[in-house]
Protein chains: 2
Amino acid sequence: MSKSRAKTNADAALSAMIPGIGAGKRGEAGYLGYLLRQAANAQRRRMDRALATVGLTHPQFLVMTMIGAYPGCSNADIARLAMLTPQTVHAIIAALRRKALVSRQPHPVHGRILNIELTNPGKALLGRGRARALAVESDLKDMMSDLDEATVRRWLVDMARAAPAQ
Amino acid sequence: MSKSRAKTNADAALSAMIPGIGAGKRGEAGYLGYLLRQAANAQRRRMDRALATVGLTHPQFLVMTMIGAYPGCSNADIARLAMLTPQTVHAIIAALRRKALVSRQPHPVHGRILNIELTNPGKALLGRGRARALAVESDLKDMMSDLDEATVRRWLVDMARAAPAQ
DNA sequence: ATCATAATATTCGTGTCCTGATATTATGAG
DNA sequence: CTCATAATATCAGGACACGAATATTATGAT
């Protein structure tokens with residue numbers, strides 16, 4: 001019903017009222033929260049498409065990236081880094097363990113913590129995923145000026161900081 | 001492990017390396033895609049908390065808002081507006097029908113389409129949810145200048161426009 | 001030493017959200 | 001009219017993502 005494909009349209013009268021992505025409340029006049037969701041949604045889909053070529057979901061890639069950056073971190077550490085709950089990370093780690101991309105070792109001192117690390121196949125796959133992710137990131141930067149980028153980055157960090165404590 | 005609550009900390013050596021929300025790659029120097037995800041994540045949680053007081057999830061509120069704005073729209077219309085797949089919207093509509101917040105009528109002409117409308121209890125609940133949502137939106141606007149807001153809005157719309165076709 | 005507090009890992013149930021697939025109904029071209 | 005094309009609604013399956021709850025282990029104060 002976005003006017004671009006009104007060829008086979010069941011109810012032109014109603015459909016004509018429904019705006020496309022840049023129009024009406026879906027455009028710059030819309031709610032900030034809605035626009036943020038719309039943009040993040042698009043980004044998530046771009047990343048999922050890109051990472052599907054190496055057999056990873058974007059949450060899996062995110063968690064593997066965290067583990068690569070902080071080898072030996074715990075489930076709870078990852079949850080905080082990724083702004084997810086421990087339960088969610090648990091499910092993602094379980095999927096990665098099933099694929100033998102990560103392994104866990106009991107903490108040498110603390111009896112409860114399990115240290116998580118990438119396996120060799122995990123490191124290799126992460127490298128291939130990173131190449132895809134960087135290509136997407138690069139496209140994003142090309143979309144705006146350096147001046148705007150500074151403003152946008154500051155705003156994004158402020159938005160995350162204003163989050164309620166988990 | 002964010003330094004703010006390092007009281008009971010299992011592994012201070014590793015934890016000290018892990019940045020908080022505004023620091024390191026979690027700050028303005030991080031990947032745009034990651035920052036966008038982090039910000040949208042925080043916003044989603046704010047909305048879910050606010051809407052939980054009226055018993056709605058934020059996708060349910062979003063879909064009800066669409067139906068309120070375009071009464072008689074179809075499942076497919078909503079999917080396009082919310083940037084979701086028809087299957088996802090189907091699940092949300094099913095939940096709303098279980099709660100008797102929306103109803104469906106066969107399209108008067110088209111034999112396949114089902115027109116969706118809010119019930120009276122649905123309209124009432126949407127009104128109460130809207131008050132909560134507007135309070136969150138208002139807080140967002142207070143966080144930045146009018147000049148920055150224009151830049152941010154333009155960028156968010158560009159990000160959504162660059163989405164791959166569903 | 002004990003005991004409240006807190007952090008960890010985990011399970012359960014519900015609600016998104018996607019890809020893939022199927023059945024039904026319209027529409028347009030021939 | 002007929003048939004290819006497309007749009008609709010829906011089912012099935014898998015992967016997040018959350019709140020609530022449980023069990024285990026540490027820590028800190030008394």
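Here is how names work: the chains are called A, B, and so on, in the same order as the sequence lines, proteins then strands, and each is numbered from 1. All values reported here derive from a predicted model rather than from experimental measurement. Below, each value reflects all heavy atoms present in this structure, side chains not excepted, and no hydrogens, waters or symmetry copies.
Contact annotation: B:Thr88 side-chain N/O to C:dC18 OP1/OP2 distance is under 4.0 Å. At the phosphate of D:dC16, neither OP1 nor OP2 sits under 4.0 Å from any side-chain N or O atom of B:Arg37. The side chain of B:Arg44 places an N or O atom within less than 4.0 Å of a non-bridging phosphate oxygen (OP1 or OP2) of D:dC18. A sub-4.0 Å separation between OP1 or OP2 of C:dT8 and a side-chain N or O of A:Arg104 is absent. An OP1 or OP2 oxygen of C:dC17 is reached within less than 4.0 angstrom by no side-chain nitrogen or oxygen of B:Thr85. Side-chain N/O atoms of B:Arg45 include one lying less than 4.0 angstrom from OP1 or OP2 on D:dC18.
Of the candidate nucleotides C:dC17, D:dG19, C:dA9, C:dA9 has the atom nearest to the side chain of A:Ile113. The side chain of B:Asn41 has D:dC18 as its nearest neighbour among C:dT10, D:dT8, D:dC18.
Straight-line distance from the CG atom of A:Leu51 to the P atom of C:dC18: 16 Å, rounded to whole Å. Between the P atom of D:dC18 and the CG atom of B:Leu56 lies a distance of 18 Å, rounded to the nearest Å. One atom, CD1 of B:Ile78, and another, C1' of D:dA7, lie 16 Å apart when rounded to the nearest Å. Atoms CG (B:Leu62) and C1' (C:dT16) sit 12 Å apart, rounded to a whole Å. In this structure, B:Met47 atom CE and C:dT16 atom P are separated by 13 Å, rounded to whole Å. Remark: P of D:dC16 and CG of A:Leu84 are 10 Å apart, rounded to the nearest angstrom.
Taking only distance into account, the side chain of A:Arg112 meets the base of D:dA23 through a donor-acceptor pair shorter than 3.5 Å.
Only at 4.0 angstrom or more do the heavy atoms of residues 122-132 of chain B sit from any atom of DNA chain C, so none qualifies.
Within the structure, side chain to side chain donor-acceptor pair (under 3.5 Å) pairs that include any residue of residues 50-68 of chain A comprise A:Asp48-A:His58, A:Thr53-A:Arg132, A:His58-B:Arg37, A:Gln60-A:Lys99 (at least two apart or interchain).
With sequence neighbours left out, the side chain to side chain contact (heavy atoms under 4.5 Å, CB included) criterion links B:Ser145 to B:Leu147, B:Asp148. Listed by chain and residue number, A:Thr85 satisfy the side chain to side chain donor-acceptor pair (under 3.5 Å) test with A:Thr88 (two or more places apart in sequence, or in another chain).
Shown here for B:Ala42 and A:Ala160, the closest heavy-atom pair between the two residues is CB-CA, 4.0 Å.
Side-chain contact between A:Ile93 and A:Ile78 is present, with at least one heavy-atom pair separated by less than 4.5 Å. Taking 4.5 Å as the limit, some side-chain heavy atom of A:Tyr70 sits within range of a side-chain heavy atom of A:Leu81. Residues A:Leu114 and A:Asn75 fail the side-chain proximity criterion, which asks for heavy atoms closer than 4.5 Å.
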Solution key, residues 135-143 of chain B side-chain donor-acceptor pairs under 3.5 Å, sequence neighbours excluded:
from     : atom 1 : to      : atom 2 : distance (Å)
B:Glu137 : OE1    : A:Leu32 : N      : 3.3
B:Glu137 : OE1    : A:Gly33 : N      : 3.1
B:Glu137 : OE2    : A:Leu32 : N      : 2.6

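B:Leu118 pairs with exactly one of B:Ile67, B:Leu125, B:Leu101, B:Leu96 by the side chain to side chain contact (heavy atoms under 4.5 Å, CB included) rule, that one being B:Ile67.
Map A:Asn75 and A:Asp48 each onto its nearest nucleotide of DNA chain C; the residue landing nearer the 5' end is A:Asn75. Ranked by how close their nearest DNA chain C nucleotide is to the 5' end, B:His58 and A:Leu114 are led by A:Leu114.
Among the heavy atoms of the strands, none lies under 4.0 Å from A:Arg97.
From B:Arg44, atom CZ reaches atom CE of B:Met47 across 12.0 Å, with rounding to the nearest 0.5 Å.
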Write out a two-atom table: protein N or O, nucleotide N or O from nucleotides 11-15 of chain D, distance below 3.5 Å.
from   : atom 1 : to      : atom 2 : distance (Å)
D:dC11 : OP2    : B:His90 : NE2    : 3.4

